[in-house]
**Student:** 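Please find one structure pasted underneath; my questions will follow.
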Amino acid sequence: MTDSRYGNKAGVRYRSGTRRAIRRKQLIYSAIALVLCAVIGLVFYQKNVGSNVTEYDAGQKGPSPTEPPNSQIIASAEVAPYGLYLDRYSEGLSEDDKWLEDFEDNRERRQVKGVYVTPEVLNLRFKFLLDLLDTTELNAVVVDIKNDDGFIVVENDSELLNSMTNQRLLIENFDYIFKTLKEHNVYMIARIVCFRDIRSVRSNESYGVHMPDGSLLKDSNGFTWMNPFNEEVWEYLTEVGRVCAKIGFDEVNFDYCRFSTDSKVKTAAYGKELTTENKEAAITGFVKYACENLKPLGLFVSVDVFGVVLSSTIDAAAVGQNYADMSSYLDYICPMVYPSHYSNGYYNIPVPDADPYALIYNAMLDSKKVLAVNVAKGRCAQVRPWLQSFTASWVRGHITYTGVEVKAQIQATYDAGYDAGWELWNAAGAYSKDGLEPE
């Protein structure tokens, strides 16, 4: 029976309220679904890209070339991006910096065309990897010796390293694998993860960064960090390099050679004020120390840096990586210029991940500008970039990376004037012959 006071209006009002309730539920469910998707995407991101991923957002509006290049077309050689703060690199080496003057360099350089593999991949896919090296232009392998968790993954006789509880032999039949690769004339690079470290600081807490209450700093991903100001840490990391020299590696590659950018850093006890100058002095100081000790052993020394430090003073200040200063001591500097790591609009490229040639080309032009002072003074690392060999499905507007995209990045590196080589990154070791020249 209908209520005569409200008539049909009462029924309309009731149904309208029901629809609003349904809409609210739909919005809530949609929000929950978005959060779940974000979490799943983040997990996939960490799993597939691996350790060469920043834990902060380097995506402030980036520099733009005055004349943005079209896709797959070489940009003007005179492209001058705004935001490239060359003044911070203008001084270069001081006149009294007479470093390693007595070092007689008998090392033979090679053009490196490499791939990164984990110890697990080296074990499980060794035959495939060897075939890839034998049948394509690839001639180098980068493999963890001190991995992302801080484990030393090969047997060694170092008293310092063996005093720690971070030994885990992850490479089965290492002697056979290493000997076989060298017999196939493969250039061997030992990856040493530096300051982000879980195991080493558990063994020796004095190496770690601590919070005011005495606990170890843990970033948002649960990783602890070693203190870049601590010169005992410098020696420990350099000792890992000495072990690599004894094994017979051609080169050591230091990754995570930087400060943590986690928000907790602001209140952590580093023992020094976290100014840009202090952080850059610590990172460059370690690089110089490692080079002084490892180059005379016949090793080449390289360091990975974020590509965005070339053009972003914010990012450079956050991590303590001074591209020019580090390059004055290193043999190779390896900017991680993965297109997926640049925010949409960087270099005026709508989606950098979808235009790998343009991104790599412009980033390499920045590198040449930044290092011009060092080159003029006759002491500068060669530039060997890390290139993207994975699909960044979490990036809005991303594309699937195949051999076409890999080849475009390689070509962009050459077109920008760099011929020291390149390295491909895929955390899962899922490489193919597509995009690579035959041997």
Side-chain angles (χ1 to χ4, degrees), residues 33-34 36-55 57-59 62 68-75 113-118 120-121 124-125 128-129 131-133 135-138 141-142 304 306-308 334-364 385-416 421-438:
L34 286 172
L36 288 174
C37 288
V39 171
I40 293 170
L42 179 61
V43 170
F44 182 84
Y45 180 83
Q46 293 292 343
K47 179 179 179 181
N48 286 276
V49 183
S51 64
N52 280 6
V53 179
T54 175
E55 73 270 17
D57 181 9
N70 294 322
S71 176
Q72 309 301 317
I73 298 177
I74 301 175
K113 303 176 182 181
V115 290
Y116 164 73
V117 293
T118 64
E120 294 81 1
V121 169
L124 296 173
R125 307 191 71 197
F128 170 80
L129 178 64
D131 177 69
L132 199 63
L133 290 159
T135 58
T136 71
E137 61 187 312
L138 292 175
V141 169
V142 186
D304 301 336
F306 285 129
V308 291
C334 306
M336 299 177 289
V337 285
Y338 313 122
S340 62
H341 281 34
Y342 290 78
S343 61
N344 290 350
Y346 215 97
Y347 290 124
N348 207 29
I349 304 169
V351 182
D353 184 73
D355 200 346
Y357 180 95
L359 187 285
I360 300 298
Y361 184 77
N362 281 286
M364 291 296 93
W386 280 101
L387 305 178
Q388 180 172 325
S389 185
F390 56 86
T391 296
S393 57
W394 54 90
V395 172
R396 180 169 53 86
H398 75 279
I399 60 174
T400 298
Y401 269 55
T402 65
V404 172
E405 287 69 35
V406 169
K407 191 174 183 64
Q409 294 175 85
I410 294 171
Q411 189 61 50
T413 302
Y414 293 150
D415 289 345
W422 38 265
E423 294 153 327
L424 303 180
W425 179 272
N426 184 296
Y431 303 104
S432 76
K433 298 178 184 180
D434 293 343
L436 299 173
E437 296 293 329

**Student:** Within the distance-only criterion (no hydrogens, no angle test), does the side chain of Ser343 pair as donor or acceptor with the backbone N or O of Tyr346 below 3.5 angstrom?
**Tutor:**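 Judged by distance alone, no pair lies under 3.5 Å.
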
**Student:** Would you please classify the geometry between the Tyr338 ring and the His341 ring as parallel, tilted or perpendicular, with 30° and 60° separating the classes?
**Tutor:** perpendicular

**Student:** Using every non-hydrogen atom in the two residues, find where Thr413 and Gly421 come nearest and quote the distance to one decimal.
**Tutor:**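 Between these two residues, the closest heavy atoms are CG2-O, 4.3 Å.
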
**Student:** Ignoring hydrogens, what is the shortest heavy-atom contact between Val337 and Pro385? Give both atom names and the distance.
**Tutor:**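 Minimum heavy-atom separation between Val337 and Pro385: CG2-CB, 3.9 Å.
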
**Student:** With rounding to the nearest 0.5 Å, note down the distance linking CD in Glu423 to OH in Tyr116.
**Tutor:** 12.0 Å

**Student:** On a heavy-atom basis, which atom in Leu132 and which in Lys433 lie closest, and how many Å separate them?
**Tutor:** CD1-CG, 3.5 Å

**Student:** Indicate yes or no for a side-chain donor-acceptor contact from Asp434 to the backbone of Thr402 under 3.5 Å, with no hydrogens or angles considered.
**Tutor:**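 No, the answer is negative, given that no donor and acceptor are paired below the 3.5 Å cut-off.
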
**Student:** Closer than 3.5 angstrom, by distance alone: can the side chain of Gln411 be matched with the main-chain N or O of Ala408 as a donor-acceptor pair?
**Tutor:**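 Answer holds: no.
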
**Student:** Under 3.5 Å, side chain of Glu405 to main-chain N/O of Pro356, donor-acceptor pair present?
**Tutor:** no

**Student:** How close do Gly397 and Val351 get, counting heavy atoms only, and between which atoms?
**Tutor:** O-CG1, 3.4 Å

**Student:** Which heavy atom of Pro335 sits nearest a heavy atom of Met364, and at what distance?
**Tutor:** CG-CE, 3.9 Å

**Student:** Is it true that a side-chain atom of Thr136 and a backbone atom of Leu138 form a donor plus acceptor pair closer than 3.5 Å?
**Tutor:** yes

**Student:** Under 3.5 Å, side chain of Glu137 to main-chain N/O of Lys113, donor-acceptor pair present?
**Tutor:** no

**Student:** Got a second to check how far Ile349's CD1 is from Tyr361's OH, nearest 0.5 Å?
**Tutor:** 12.5 Å

**Student:** When rounded to the nearest 0.5 angstrom, what is the spacing between CZ in Phe128 and OH in Tyr431?
**Tutor:** 10.5 Å

